[in-house]
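Comments concern the structure below.
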Amino acid sequence: MAAYRPTTGWTGRCPCSTLTYLDHLVHGDLGESQQTHRAVLTDLRSAVPATLEIAIGAIILSLLIGVGFGTVAAVRRG
């Protein structure tokens, strides 16, 4: 754990480290990914379009299914 802390920036006391983290966050510095060793913002920029594509497709599909079942339920009421 001691060897890991300097790579994350969490070396000081908790309030100081938290303030440093928040300062970096406000300025758009999300740090470095531990898996890819690239900037987190770079990884997010590459992943967000695919995520939005899947999410929008799921929303459209759920709307179609929901409206379909709602219409059937309204027609066959009672």
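- When all heavy atoms of Thr51 and Ala47 are compared, the closest pair comes out as OG1-O, 2.9 Å.
- For the residue pair Arg38 and Asp43, the shortest heavy atom distance occurs at NH2-OD1, 2.5 Å.
- At a threshold of 4.5 Å between side-chain heavy atoms, the hydrophobic network of Ile, Leu, Val, Met, Phe, Trp and Tyr places Leu52 and Ile60 in two separate groups.
- Leu22 and Leu30 fall within a single hydrophobic cluster, where Ile, Leu, Val, Met, Phe, Trp and Tyr side chains are chained together by heavy-atom contacts under 4.5 Å.
- The hydrophobic clustering, which links ILVMFWY residues whose side-chain heavy atoms are closer than 4.5 Å, places Leu25 and Leu41 together.
- Annotation for Ser62 and Ile59: closest pair OG-O, 2.9 Å, computed over non-hydrogen atoms.
- When atom types are taken as modelled, the side chain of Thr71 and the backbone of Val67 share a donor-acceptor pair closer than 3.5 angstrom.
- Both Phe69 and Leu61 are members of a single hydrophobic cluster when ILVMFWY side chains are connected at heavy-atom separations under 4.5 Å.
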